[in-house]
Amino acid sequence: MDACKNMVEMTRTDPEWMQKIITGDETWVYQYDPETKRQSSQWIERGEPKPKKARFTKSKVKTLLVTFFYINGLVHHEFIPFGRTINQEVYLRIMRRLREAVRLKRPERWQNNDWILHVDNARPHTAHVVLKFLAKHSTIQIPHPPYSPDLAPNDFFLYPKLKMKLKGRKFDNVDMIQAESKATLRNLSKSDFISCFDNWKKRWNRQERSQPDLCHRDISPRVAMDLETVPRTVFTYITPGDVLRTPYTVHKPALVRALARHRGFDRGLLLDTLEKGDSRPKRTQKVDNPTSRDIVGVDQVSCHYGDPVGVMFPVIHSVEVTTNSFDFLKPDDLGEQFRVQQGVYTEIRHYQPSPGLEPPNSDMKAYIFMGFKSLDSTFSEVLEDSWKDWTGARLVYLNLPHELGLSRLVFYRRTAPRNLDLFMYVVLAECTNVGPANRARLLDFVQRLRVDRVFGYLSVYRNVAAITPCSSSTTSTQDGQQVDV
């Protein structure tokens, strides 16, 4: 989160710095987008039966809108041709058109190349050809904190305003969608954009004032009251801490002993990502002090497999807790080979598409994990009521192949600790029929979902250890600190 601190410092040293920023992003605009619950609510008389409501979903006809704006209004917007999405070549052409728009609409900034670009970390935005193009023209780009849609002005201001106007309306074709979208954008006033940038600045300041602590003890009375009646789940995010590639069997005994020493690892789910790099065996070199890089659920003797590509947390452990206290581990409590982060989460939404049948063994289960960070730790009814839309859970439910056996979708909110580097919201989708024959379909679906959802952490995991619950509690860690949750 150093990016926010740098932004705050720049606004203090340069009063006109906010005037230079042009921020951009892209979003889907649908032919029909259902109204929110608040929009479709109706007044009824006392004793009158509740009106029946049909269930609507977003239409499959949609168009991709790209927008760039600054503190006084729009600079450039365009629609991607129907049936296409954004890759690095398309985005490079967008950058060329954006530069032309800046030349026409902001000549005072163009003349001295005195403007700054802000976009999120979507793959087309950070492609090598795009960065090379920006460097060639000496265009400064502001770094964006990963998995932080609440720090992207398009996500917290422009697109909600646009889509709220279009919800509940059905358009005949793509041309009408685009025309109405343009009209809605034109109706936004200069004061709307100024207030957006003021809000953006407040979010930076809030981040700078906050001091995350992995072992923070203070929990608000409201959270403590809620946790008395709501089950809690502890998510532990484990990532390799070394840089050498050696077989997993070298450090398997050490990892098993490390997990046995700490409360919570004797039960729950131990998840390993399925998104490996090259799946072909590779020869390993002999080293004096071998360390572990890749945690997988199979023994390896003289070969290892490709490392996870683009996966921040190759291993995740989750377990339900029933007590009112939990011992947080220190980042190096599992040894020098691994780094650990932990958070306590409350299940706030649970959706089960169909009863389904339990698979014959845990090897057939797979989990789609989605994580989202946020600066705002307060309860948001609107945000949590619409979780299926902004997290992509609705896309999973509607488009996941039936043969994969989607059995449940769970939405979690973090309650402890107050650490902005941890995911604030987590969505876990369980599939109960994933085997070698159809595993590639699940991986392909996750990759397609990643293209449609341009923010948030997303990966797919399998359960590598069928850990049975233990009735007796284990001793707590000596190095960790006990936190009342």
Side-chain angles (χ1 to χ4, degrees), residues 21-36 57-102 104-105 117-127 130 144 149-190 192-193 196-197 200 386 389-392 394-395 448-456:
I21 300 176
I22 296 177
T23 179
D25 206 347
E26 56 273 339
T27 188
W28 289 106
V29 186
Y30 293 86
Q31 182 185 27
Y32 177 77
D33 195 358
E35 293 180 315
T36 63
T57 59
K58 293 180 180 179
S59 61
K60 293 185 178 180
V61 178
K62 57 186 178 181
T63 182
L64 189 57
L65 170 65
V66 183
T67 56
F68 294 89
F69 66 92
Y70 71 119
I71 194 170
N72 289 332
L74 283 172
V75 174
H76 176 68
H77 69 278
E78 62 178 90
F79 290 91
I80 304 301
F82 180 72
R84 295 191 61 184
T85 185
I86 292 183
N87 54 26
Q88 59 183 10
E89 290 81 11
V90 174
Y91 196 72
L92 181 60
R93 292 194 290 269
I94 293 174
M95 288 292 100
R96 292 193 176 100
R97 291 190 286 271
L98 172 63
R99 284 180 54 81
E100 180 64 17
V102 174
L104 296 175
K105 296 184 178 181
L117 178 64
H118 170 264
V119 292
D120 61 20
N121 299 314
R123 293 187 179 183
H125 302 170
T126 57
V130 175
H144 182 78
D150 57 335
L151 290 177
N154 284 273
D155 288 329
F156 70 75
F157 161 70
L158 187 63
Y159 296 151
K161 275 187 171 292
L162 169 66
K163 295 185 177 183
M164 194 60 67
K165 293 287 186 181
L166 304 181
K167 282 184 178 292
R169 302 172 60 184
K170 187 173 182 179
F171 304 99
D172 294 335
N173 49 52
V174 173
D175 292 336
M176 292 188 64
I177 302 174
Q178 296 178 357
E180 190 61 31
S181 299
K182 292 178 182 178
T184 304
L185 292 175
R186 284 195 298 267
N187 289 334
L188 294 175
S189 64
K190 179 180 178 179
D192 291 331
F193 291 98
C196 165
F197 272 70
W200 195 16
S386 60
D389 295 320
W390 63 266
T391 63
R394 192 182 301 278
L395 292 176
R448 292 173 182 269
L449 183 64
R450 192 176 279 124
V451 171
D452 192 83
R453 309 300 299 173
V454 296
F455 62 87

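In this chain, numbering begins with 1 at the start of the sequence shown.
Looking only at side-chain heavy atoms (C-beta outward), Glu78 and His76 come within less than 4.5 Å of each other. In this structure, Pro153 and His118 have side chains that are in contact, with non-hydrogen atoms separated by less than 4.5 Å. Side chains of Val61 and Phe82 form a contact here, defined as non-hydrogen atoms less than 4.5 Å apart. The shortest side-chain heavy-atom distance between Phe79 and Ser181 falls under the 4.5 Å cut-off. Contact check for Ile80 versus Ile94: side-chain heavy atoms found under the 4.5 Å cut-off. Using a 4.5 Å heavy-atom threshold, the side chains of Gln31 and Met176 count as separate. Residues Glu100 and Arg96 have side chains not in contact (no heavy-atom distance under 4.5 Å, counting atoms from C-beta outward). No side-chain heavy atom of Asn154 sits less than 4.5 Å from a side-chain heavy atom of Thr27.
Looking at Arg169 and Glu180, a side-chain N of the basic residue comes within less than 4.0 Å of a carboxylate O on the acidic one, giving a salt bridge.
Expressed to the nearest 0.5 Å, how far CG of Asp150 lies from CZ of Phe156 amounts to 8.5 Å. The distance from the OH atom of Tyr159 to the CG atom of Leu185 is 9.0 Å, given to the nearest 0.5 Å. The structure places CG of Asn187 at 14.5 Å from NZ of Lys182, a figure rounded to the nearest 0.5 Å. In this structure, the separation between NZ on Lys105 and CZ on Phe68 is 12.0 Å, given to the nearest 0.5 Å. To the nearest 0.5 angstrom, Leu166 atom CG is 9.0 Å from Ile177 atom CD1. The CD1 atom of Ile86 sits 12.5 Å away from the CG atom of Leu92 when rounded to the nearest 0.5 Å.
Between the side chains of Asp25 and Thr67, not a single donor N or O lies within less than 3.5 Å of an accepting N or O. Between the side chains of Thr184 and Lys161, no donor-acceptor pair of N or O atoms lies under 3.5 Å. Between Thr63 and Tyr30, the side chains place no donor N or O within less than 3.5 Å of an acceptor N or O (distance only, hydrogens not considered).
Residues forming a ring pair (Phe, Tyr, Trp, His ring centres under 6.0 Å) with Phe171 (at least two apart in sequence, or on another chain): none.
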Audit row: Leu74, His77, side chain to side chain contact (heavy atoms under 4.5 Å, CB included) steps and yes/no
CA-CA 8 Å; Leu74 283 172; His77 69 278; 4.2 Å; yes
Side chain to side chain contact (heavy atoms under 4.5 Å, CB included) assessment of Arg123 paired with Gln88
CA-CA 8 Å; Arg123 293 187 179 183; Gln88 59 183 10; over 6 Å; no
Report the C-alpha distance between His144 and Val119 in whole Å, list the side-chain angles of each, state the deciding distance to 0.1 Å, and finish with yes or no for side chain to side chain contact (heavy atoms under 4.5 Å, CB included).
CA-CA 7 Å; His144 182 78; Val119 292; over 6 Å; no
Decide yes or no on ring pair (Phe, Tyr, Trp, His ring centres under 6.0 Å) for His125 and Tyr91, but give the supporting numbers first.
CA-CA 7 Å; His125 302 170; Tyr91 196 72; 4.5 Å; yes
Would Leu98 and Leu117 satisfy side chain to side chain contact (heavy atoms under 4.5 Å, CB included), going step by step from the backbone distance to the final call?
CA-CA 10 Å; Leu98 172 63; Leu117 178 64; 4.0 Å; yes
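Of the candidates Ile21, Thr23, Val75, Val75 is the only one forming a side chain to side chain contact (heavy atoms under 4.5 Å, CB included) with Tyr70. Tested against Asp33 for a salt bridge (Lys or Arg N to Asp or Glu O under 4.0 Å), the candidates Lys165, Lys167, Lys62 yield a single pass: Lys167. Partner of Glu26 under the side chain to side chain contact (heavy atoms under 4.5 Å, CB included) criterion, out of Val66, Thr85, Leu65: Val66 alone.
Using the six-membered ring where Trp is involved, Phe193 and Phe157 have ring planes that are perpendicular, over 60° apart on the 30 and 60° scheme.
A donor-acceptor contact shorter than 3.5 Å is absent between the side chain of Trp200 and the backbone of Ala152.
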